[in-house]
Protein chains: 2
Amino acid sequence: MTCGSYLIDALHARGFRMTPQRMAILHALRSVGGHLTPTEILLNASRIYPNLTKATLYRTLDFLTRNGFAAAVHLGDSRVAYELVQEQHHHVMCRRCGRSLLVPEGTLRKVCEILSEGTGYAVEADHRVWFGLCSACQSAERRSDEKLAG
Amino acid sequence: MTCGSYLIDALHARGFRMTPQRMAILHALRSVGGHLTPTEILLNASRIYPNLTKATLYRTLDFLTRNGFAAAVHLGDSRVAYELVQEQHHHVMCRRCGRSLLVPEGTLRKVCEILSEGTGYAVEADHRVWFGLCSACQSAERRSDEKLAG
DNA sequence: TTCTCTATTGTAAAAAGTTACAATAAAATT
DNA sequence: AATTTTATTGTAACTTTTTACAATAGAGAA
C-alpha cells in the first residue's frame, strides 16, 4: 500500500489526511495508464479495500479533483471518467460517428497559453475531449443540408 | 407549439421525426437564455407535455446533442446541463474556490481555430467550462506548497 | 385516406450518483 | 501511550440516469 504515499505530505500540508480508502482509489487510478469510470474504479479498488463504499468513492473522486490530484475527463454527453493528473492530452471526437484523434502537443500548448493570457487563470486542461465533426462527417452533413435546400 | 418548428425540415432531411415530446423539450430550452439541467428541463417541458417521461427526456437530450441541435455543458466534476446551440461561450472556473469568468470572445475564437488547424476536425465548442486556479487561489496554493517545502 | 415501415416512446426495473447524520479513526498534542 | 480534535467514513434513504422490450405514432407511399 505505498501507491499513494507520494501524496501524503501534500495532503498534510493542506490539513487533509491519508486513508486506506484513498490509497486504494489512488492505486486503482495508477494501475491504468489512462482514465477510469467511477464504476471501474470501485471494482478495481475493492480488490485492495473490499469494504469501499460508493459514497466514499464519489466523495474521494470529488476531493482528488478539487485538489488537483486527479482530473475529470468528460467522455461524451454525460459520461465522466477520472485519471491522475499527469501529462496533458486532449482528443477531438466526432459527435456524429464517434471517431477520435489525439490533439497534437503543440496545438494543445497554444490553446492553454491563449486561455491563460485571455483570462488570468492558471488553466489546467489535463485531459479533455472536444466535439465536432471529422472530415468524413463534415461531408455527410453537408450532403444532408444540400438535400434540404435543393 | 411552434417553438421547434424551425428544426422540422432539418430533422426530416436526416431521416428523423418531430414529435410533441421533442417540441416541448426544445421549447423549454428556448424559454431560457442559457442552460438547464435535465431535471429543470423535465419540470419546464412537463407544463407543455404533461406525460413526458424521464427516459424520453434523457434520450432526447442525447439525440439533440449528437445531432448538433443542443450541447452539453459540464458545470463541474459531474454535473451536466444542456442548452440550444447558439453562440459559443466558455467560462474559466477556479477548481479551488469556484469563482468563474467569461472567456473573451477573441480568445475563444483563437482556441477553436488552433484546434481545427491542428486536427482537421470542425471543432464545435459551444459552451464549455475550463478549470484551473484563479489568481487568488494561485497564491493560496503556492503558500501551502511553501509550507510543505520549508 | 389507408397502408407500411420504423423512428420514437412508455413501462418498469436496474444501475449510478448524492446526501444527512451518526460513528470512526487519522494525526497532532500532551 | 493516552487524549483530543475534526477530517473522513459507513449507513441507508433518496434522486438521477440508463436500458430492454413491447407499444405507439410520424411520415412517405399507395
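Here is how names work: the chains are called A, B, and so on, in the same order as the sequence lines, proteins then strands, and each is numbered from 1.
Across all their heavy atoms, Leu29(B) and Tyr82(B) have their closest contact at CD2-O, 3.5 Å.
A straight line from OH of Tyr49(B) to P of dT24(D) spans 13 Å, rounded to a whole angstrom. One interatomic measurement links the two molecules: CG of Leu36(A) to P of dA16(C), which rounds to 14 Å at whole-angstrom precision. The CD1-P distance, from Ile25(B) to dT8(C), rounds to 12 Å in whole Å. We find that CZ of Phe63(A) is positioned 9 Å from P of dT9(D), with the value rounded to whole Å. Separating the CG atom of Leu11(B) from the P atom of dT6(C) is a distance of 19 Å, rounded to the nearest angstrom. As rounded to whole Å, 21 Å separates atom P of dT6(D) from atom CZ of Arg14(A). Whole-Å rounding puts the Tyr82(B) OH to dT16(D) C1' distance at 12 Å. Between the CZ atom of Arg66(B) and the P atom of dA7(C) there is a distance of 15 Å, rounded to whole Å.
In this structure Leu36(B) satisfies the side chain to side chain contact (heavy atoms under 4.5 Å, CB included) test together with Val32(B), Glu40(B), Ile41(B), sequence neighbours excluded. Partners of Thr56(A) by side chain to side chain contact (heavy atoms under 4.5 Å, CB included), not counting sequence neighbours, listed by chain and number: Gln21(A), Leu52(A), Thr53(A), Arg59(A), Thr60(A). Residues that satisfy the side chain to side chain contact (heavy atoms under 4.5 Å, CB included) test with Thr39(A), not counting sequence neighbours, are Thr37(A).
Contact check, Gln21(B) against dG10(C): a side-chain N or O comes under 4.0 Å of OP1 or OP2. The shortest distance between the side-chain N/O atoms of Thr53(A) and the OP1/OP2 oxygens of dT9(D) is not below 4.0 Å.
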Inset, instruction - Evaluate the side chain to side chain contact (heavy atoms under 4.5 Å, CB included) criterion for residues Leu84(A) and Arg30(A): first the C-alpha distance (whole Å), next the side-chain angles of each, then the deciding distance (0.1 Å), finally the verdict. - result: CA-CA 7 Å; Leu84(A) 289 182; Arg30(A) 195 156 227 216; 4.0 Å; yes

Inset, instruction - Please step through side chain to side chain contact (heavy atoms under 4.5 Å, CB included) for the pair Tyr121(A) and Val103(B), ending with a clear verdict. - result: CA-CA 10 Å; Tyr121(A) 276 52; Val103(B) 173; over 6 Å; no

Legend entry - Sequence-aligned protein contact record of nucleotides 18-30 of chain C, with B where the base is within under 4.0 Å of a protein heavy atom and S where only the sugar-phosphate is: BBB----BBSS--

